[in-house]
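All figures in this text were calculated on a predicted structure; none of them were measured in a lab.
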Amino acid sequence: MQQLGLLPTWQFGDVFGMDPELLSLVPRPVCSILLLFPVTEKYEAFKQEEEAEIKTKGQKVDPQVYFMKQTISNACGTVGLIHALANNRDKLEFEPNSVMKKFLDYSSSLSPEEKAKYLEKDESIRVTHEFSAQEGQTEAPSLDEKVDLHFITFVNVDGYLYELDGRKPFPINHGTTSADCFLEDAVEVCKKFMQRDPDELRFTVVALHKS
């Protein structure tokens, strides 16, 4: 993270389990959660249903939420990282002229599509990017198995829990949260991803927490 210019007052750490005992081991406060999960047919079907329902019923999305589309293949780790950092600029500290600070300062006023185009052109972010999208896999999938691992981010913006996924057309509002219960609230949403694909084991949860 330091090569991006983030001062080490916050850091990423693994969340080793979803039960209260293991969550209690995660240093607090936590300001963002990243979930790595397999994109399966069940998930894609749910994604389409969710999108249609939100388009019909609507949802509240705070204009302060920093959201970008993902247009570069295999860059979900980069986009997830940017979502985590951009929505916590009030807490994080950056080197004054760092790569990430410059990127966030310039892109914050752009539309989700414009942010994506800006990332396409910004070599400095892309060469330092990418949590490995294969991280957390116990074995390589067979060739006939269509497995695509994908990173998404959960953040707390003004008391609401948002899921940020550059493959979706908009942020997903998962309801109210607070700094004290953000980790537990985000984990509850992560559990739903696992429940939709009970035969899958390729899930990894990472927390951005105070050092």
Taking only residues two or more places apart in sequence, or in another chain, which ones meet [X] in a side chain to side chain contact (heavy atoms under 4.5 Å, CB included)?
| X | answer |
| --- | --- |
| K192 | Q195, R196 |
| S108 | Y66, R89 |
| S211 | Q11 |
| Q64 | D62, V157, D158 |

Evaluation steps, ring-ring contact (aromatic ring centres under 6.0 Å, His included), between F193 and F203: CA-CA 9 Å; F193 280 75; F203 293 93; 7.8 Å; no

For residues T71 and E120, is any side-chain donor paired with an opposing acceptor at under 3.5 Å? yes

So, T40 versus D197: side-chain donor-acceptor pair below 3.5 Å or not? yes

pair [X]-[Y]: side-chain heavy atoms closer than 4.5 Å:
| X | Y | answer |
| --- | --- | --- |
| I33 | C190 | yes |
| T176 | Y160 | yes |
| L161 | N156 | no |
| L7 | F94 | no |
| L6 | L92 | yes |
| I152 | F154 | yes |
| I82 | M100 | yes |
| L164 | V65 | yes |

Least distance between heavy atoms, [X] atom then [Y] atom:
| X | Y | answer |
| --- | --- | --- |
| Y118 | K102 | OH-O, 4.5 Å |
| C76 | L149 | SG-O, 4.1 Å |
| A207 | V15 | CB-CG2, 3.8 Å |
| G166 | H83 | N-CE1, 4.3 Å |
| P171 | V61 | CG-CG1, 4.0 Å |
| L119 | F103 | CA-CE1, 3.9 Å |

Please determine whether residues [X] and [Y] belong to a single hydrophobic cluster, defined as Ile, Leu, Val, Met, Phe, Trp and Tyr linked transitively by side-chain heavy-atom distances below 4.5 Å.
| X | Y | answer |
| --- | --- | --- |
| L4 | Y106 | yes |
| V187 | V155 | no |
| M18 | F16 | no |

Flag, side chain of E93 to backbone of E95, donor-acceptor distance under 3.5 Å: no

Counting only pairs under 3.5 Å, give me each side-chain donor-acceptor contact of residues 42-50, with atom names and distances, residues two or more places apart or in other chains.
| residue | atom | partner | partner atom | Å |
| --- | --- | --- | --- | --- |
| Y43 | OH | D165 | OD2 | 3.4 |
| E44 | OE2 | R167 | NH2 | 2.5 |
| E50 | OE1 | K168 | NZ | 2.7 |

Roughly how far apart are L183 CG and L208 CG, rounded to 0.5 Å? 12.0 Å

Quick one, S32 with T153, criterion side chain to side chain contact (heavy atoms under 4.5 Å, CB included). Give me CA distance, side-chain angles, the key distance, then yes/no. CA-CA 7 Å; S32 184; T153 305; 3.3 Å; yes

Under the side chain to side chain contact (heavy atoms under 4.5 Å, CB included) criterion, do F67 and Y162 qualify, and how do the steps go? CA-CA 10 Å; F67 177 68; Y162 290 98; over 6 Å; no

Can you list everything that forms a salt bridge (charged side-chain N to carboxylate O under 4.0 Å, His left out) with E53? Sequence neighbours excluded, please. K57

Would you please name every residue forming a side chain to side chain donor-acceptor pair (under 3.5 Å) with [X], sequence neighbours left out?
| X | answer |
| --- | --- |
| Q59 | none |
| N88 | K91 |
| K191 | E188 |

Go through the steps to decide whether H150 and F37 satisfy the test side chain to side chain contact (heavy atoms under 4.5 Å, CB included), and finish with yes or no. CA-CA 6 Å; H150 185 56; F37 68 97; 3.9 Å; yes

Walk me through it: do V79 and K69 pass the test side chain to side chain contact (heavy atoms under 4.5 Å, CB included)? CA-CA 8 Å; V79 173; K69 299 301 294 291; over 6 Å; no

Determine which pairs satisfy salt bridge (charged side-chain N to carboxylate O under 4.0 Å, His left out) with at least one residue from residues 105-117, sequence neighbours left out, and list them in order. K101-D105

Hey, can you pull the donor-acceptor pairs under 3.5 Å for the side chains in residues 20-30, sequence neighbours left out?
| residue | atom | partner | partner atom | Å |
| --- | --- | --- | --- | --- |
| S24 | OG | E21 | O | 2.5 |
| R28 | NE | V26 | O | 3.4 |
| R28 | NH1 | E184 | OE1 | 3.4 |
| R28 | NH1 | E184 | OE2 | 3.3 |
| R28 | NH2 | L23 | O | 3.3 |
| R28 | NH2 | E184 | OE2 | 2.8 |

Students should find that the hydrophobic cluster of I54, defined by side-chain heavy atoms under 4.5 Å apart, otherwise consists of F170, I172

